[in-house]
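The first residue of the sequence shown is numbered 1, and numbering continues consecutively from there. On a predicted model such as this, the values are computed, not experimentally measured, just so you know.
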Amino acid sequence: MSAPFLESTEVKQDIQDVLAGVSVEVENSHDLDSLIEEMGNAKIVLLGEASHGTHEYYTWRTQITKRLMQEKGFNFIGVEGDWPDCYKINRFVKGYENAEKEGQDVVKNFERWPTWMWANWEVVAFIEWLKNHNKELSSHKRKGFYGLDVYSLWQSLDAIINYLEKNDPGGLEKAKAAFRCFEPYRKGEGQAYASATRMVDENCQEEVVDLLADIRRKATQYNTDPEASLNTEQNATVAVNAEKYYRAMVSSSAQSWNVRDRHMAQTLDRLLDYHGPGAKAVIWAHNTHIGDARYTDMHSENMVNIGQLVREKYGLDKCHLHGFGSYSGSVIAGRRWGAPMEEMQMPKAAEDSWEQLLFGMDKENQILFLNRINNFEPLKKEIDHRAIGVVYHPDRESFGNYVPSILPDRYDTFQFLKLTTALHPLHITPESKELPQTYPWNY
């Protein structure tokens, strides 16, 4: 275990006593008042999750996000999802012409494994609320929904070509050149391209960089949709960074992780710039992305994440990192990449983990204001913190589902729930089961 000092009952009790002094019990949205007041001062609020398949993480993030948008002027939400599919949600919630009419229909665009991550009833409920909320706002004040991730290479190239065919035939050739470069590797969702770079020096980098430069030069011409220039440029940026990501997969697992999280941070920057001075963002992603990597064992592997990057760029006072965790319950996940989704039972949290410590405080649901803790030496040491990915084996949890973490430094606040339940997915058969694996966790 990462924290043998916890074998002392006195140390455990001392830690729990300190945590109790910064803990608020929560049962409903009204109990979030003090959290919302604190988060409202930030420019960026990052809301985590300890799995991609837990009902309560989605619903609590929804409650927090609603209040931040209604009461604190937050402009948009960015999620750990692909740009093209999430942009369809953005068009839906803003009521753009020819957008889907029902939330259930728009999330069915998430056809790639793991479909349940965004194609679920919890997300449908949130985007239906957001669409109705936006109806009360003028068009330039409507709240957006965007994807931050880098995986959508083919979708982004397809979207660019489809758009240019209708609106900029003169720029179409560069897009087709990039498409032709990647076309031999389309089967395998990038792994084939990654493997090819082992054997040849040439790759598709020049084509996609040239495409991005051309689109940026012409961005002001793309005005058929209120956000057409942003959408087209971002799809081109995804293509550039996806190429980097797949190429990095074969040389360094840590490097490919860093390409991905730096892309998410850069997409966030672009969205903040697009929404103008004073823009404020809410981010939804796994704890491994939003909890500052410097205070986990990721740091020893030279890995960064979006939580660390936004703190470094914007400063501690402009960012708020909020993690989630639970002691036991059920979760949606797969036994392997591309496997059917299952409802699985999580075992009780491991001994000498953060979750076991918090379970012993005898509060059902609580928020810990970790940023209010003064120096207390036992809390400056790494303690195991559970993290469940889209691939999960409950019987082998102790061998790969705990991240040694200094919790008070990794997050500003942390929400702990004793018992959680599985997400409610829409039952969609994935079109592609070849989502790239990420290191060291499938997050």
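- Counting only distance, with no hydrogens or angles, the side chain of Asp412 and the backbone of Leu321 share a donor-acceptor pair below 3.5 Å.
- The two residues Met303 and Ala254 make their nearest non-hydrogen contact at CG-CB, 3.7 Å.
- With hydrogens and angles ignored, the 3.5 Å screen pairs no side-chain donor or acceptor of Thr413 with any backbone N or O of His322.
- With respect to Lys108 and Glu100, no salt bridge is recorded, no charged nitrogen being found less than 4.0 Å from a carboxylate O.
- Atom CD of Glu80 is separated from atom CG of Leu148 by 9.0 Å, given to the nearest 0.5 angstrom.
- Under a 3.5 Å cut-off, the side chain of His52 and the backbone N or O of Trp118 do not form any donor-acceptor pair.
- Residues passing the salt bridge (charged side-chain N to carboxylate O under 4.0 Å, His left out) test with Glu355: none are found, sequence neighbours excluded.
- You'll find the side chain of Asp261 stays beyond 4.5 Å of the side chain of Gln308, heavy atoms only.
- Arg270 meets the salt bridge (charged side-chain N to carboxylate O under 4.0 Å, His left out) test with no other residue; sequence neighbours excluded.
- Residues Ser405 and Tyr295 are not in side-chain contact: their nearest non-hydrogen atoms beyond the backbone lie 4.5 Å or more apart.
- Looking at Tyr402, Phe416, Phe414 one by one, the single match for ring pair (Phe, Tyr, Trp, His ring centres under 6.0 Å) with His385 turns out to be Phe414.
- Around CG of Asn132, the count of heavy atoms belonging to other residues, nucleotides or ligands within 6.0 Å exceeds 12.
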(request) Could you check His133 against Lys66 for side chain to side chain contact (heavy atoms under 4.5 Å, CB included), going step by step and ending with a plain yes or no? (result) CA-CA 9 Å; His133 177 67; Lys66 285 181 179 180; over 6 Å; no

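- Within the 3.5 Å criterion, the main-chain N or O of His424 finds a donor-acceptor partner in the side chain of Glu122.
- Rounding to the nearest 0.5 Å gives a distance of 9.0 Å between CH2 of Trp354 and CG of Leu368.
- At least one side-chain heavy atom of His289 sits less than 4.5 Å from a side-chain heavy atom of Arg260.
- The backbone N or O of Glu37 lies less than 3.5 Å from no partner atom in the side chain of Lys72, so there is not a single donor-acceptor pair.
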(request) Could you walk me through whether Asn371 and Glu38 pass side chain to side chain donor-acceptor pair (under 3.5 Å), step by step? (result) CA-CA 11 Å; Asn371 52 10; Glu38 188 160 316; 2.5 Å; yes

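- Counting heavy atoms from C-beta outward, Arg61 and Phe126 have side chains that stay 4.5 Å or more apart.
- For Ser23 against Gln366, the heavy-atom pair with the smallest separation is OG-OE1, 2.6 Å.
- Exactly one residue among Val24, Ile367, Leu68 makes a side-chain contact (heavy atoms from CB on, under 4.5 Å) with Leu32. That residue is Ile367.
- Residues that satisfy the salt bridge (charged side-chain N to carboxylate O under 4.0 Å, His left out) test with Lys313, not counting sequence neighbours, are Asp269.
- Side chains of Phe110 and Thr115 form no contact here, defined as non-hydrogen atoms less than 4.5 Å apart.
- We find the CG-OH distance between Asn75 and Tyr274 to be 12.0 Å, quoted to the nearest 0.5 Å.
- Under the 3.5 Å distance criterion, the side-chain polar atoms of Asn231 are left unmatched by any main-chain donor or acceptor of Glu227.
- Cation-pi geometry between Lys143 and Phe74 is not met: the NZ or CZ atom fails to fall both under 6.0 Å from the ring centre and inside 45° of the normal.
- Between the OH atom of Tyr57 and the OG1 atom of Thr420 there is a distance of 4.5 Å, given to the nearest 0.5 Å.
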(request) Tell me, with the steps shown, if Phe76 and Asn90 meet side chain to side chain contact (heavy atoms under 4.5 Å, CB included). (result) CA-CA 9 Å; Phe76 65 88; Asn90 183 62; over 6 Å; no

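- Shortest non-hydrogen contact noted between Ala293 and Asn305 is N-OD1, 3.3 Å.
- Atom CD in Glu27 sits 9.0 Å away from atom CD in Glu364 (nearest 0.5 Å).
- The distance from atom CG of Asn241 to atom CE of Met264, rounded to the nearest 0.5 Å, is 11.5 Å.
- Between Asn287 and Val403, the closest side-chain pair of non-hydrogen atoms is not below 4.5 Å.
- Other residues, nucleotides and ligands place more than 12 heavy atoms under 6.0 Å from the CG atom of Asn28.
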(request) Start with the C-alpha distance between Glu49 and Thr54, add both sets of side-chain angles, then the distance that settles side chain to side chain donor-acceptor pair (under 3.5 Å), and finish with yes or no. (result) CA-CA 8 Å; Glu49 60 185 359; Thr54 299; over 6 Å; no

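- With hydrogens and angles ignored, the 3.5 Å screen pairs no side-chain donor or acceptor of Lys94 with any backbone N or O of Asn134.
- The minimum heavy-atom distance linking Leu426 with Val107 is given by the pair CD1-CG2, 3.2 Å.
- Looking only at atom types and distance, the side chain of Gln356 has no donor-acceptor partner in the side chain of Asp352 under 3.5 Å away.
- Using a distance-only test at 3.5 Å, with no hydrogens or angles considered, no donor-acceptor pair links the side chain of Asn41 to the main chain of Asp317.
- Not counting sequence neighbours, His263 has no partner by the ring pair (Phe, Tyr, Trp, His ring centres under 6.0 Å) test.
- Listed by first and then second residue, the salt bridge (Lys or Arg N to Asp or Glu O under 4.0 Å) pairs involving residues 271-283 amount to none (not counting sequence neighbours).
- The existence of a salt bridge linking Glu97 and Arg91 is excluded, since no basic side-chain nitrogen approaches an acidic carboxylate oxygen closer than 4.0 Å.
- Look at Arg311 and Asp409 and you find no salt bridge, because none of the NZ, NE, NH1 or NH2 atoms lies under 4.0 Å from a carboxylate O.
- Closest non-hydrogen pair, Met69 versus Leu130, comes out as SD-CD1, 3.8 Å.
- Using a 4.5 Å heavy-atom threshold, the side chains of Thr237 and Thr267 count as separate.
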(message) I'd like to know whether Val124 forms a side chain to side chain contact (heavy atoms under 4.5 Å, CB included) with Glu102, so could you lay out the CA-CA distance, the side-chain angles of the two residues, the decisive distance to 0.1 Å, and finally the verdict.
(response) CA-CA 9 Å; Val124 171; Glu102 301 291 335; over 6 Å; no

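- Residues meeting the salt bridge (charged side-chain N to carboxylate O under 4.0 Å, His left out) test with Lys418, sequence neighbours left out: Asp362.
- For the pair Asp292 (side chain) and Arg410 (backbone), a donor-acceptor distance under 3.5 Å is absent.
- The closest side-chain heavy-atom distance from Ser326 to Leu419 is not below 4.5 Å.
- Minimum heavy-atom separation, Ser34 to Phe369: OG-CZ, 3.5 Å.
- In this structure, the side chain of Arg142 does not engage the main chain of Val93 through any donor-acceptor pair within 3.5 Å.
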(request) Could you please spell out the steps behind the side chain to side chain contact (heavy atoms under 4.5 Å, CB included) verdict for Asn235 and Trp83? (result) CA-CA 7 Å; Asn235 276 313; Trp83 176 271; 3.4 Å; yes

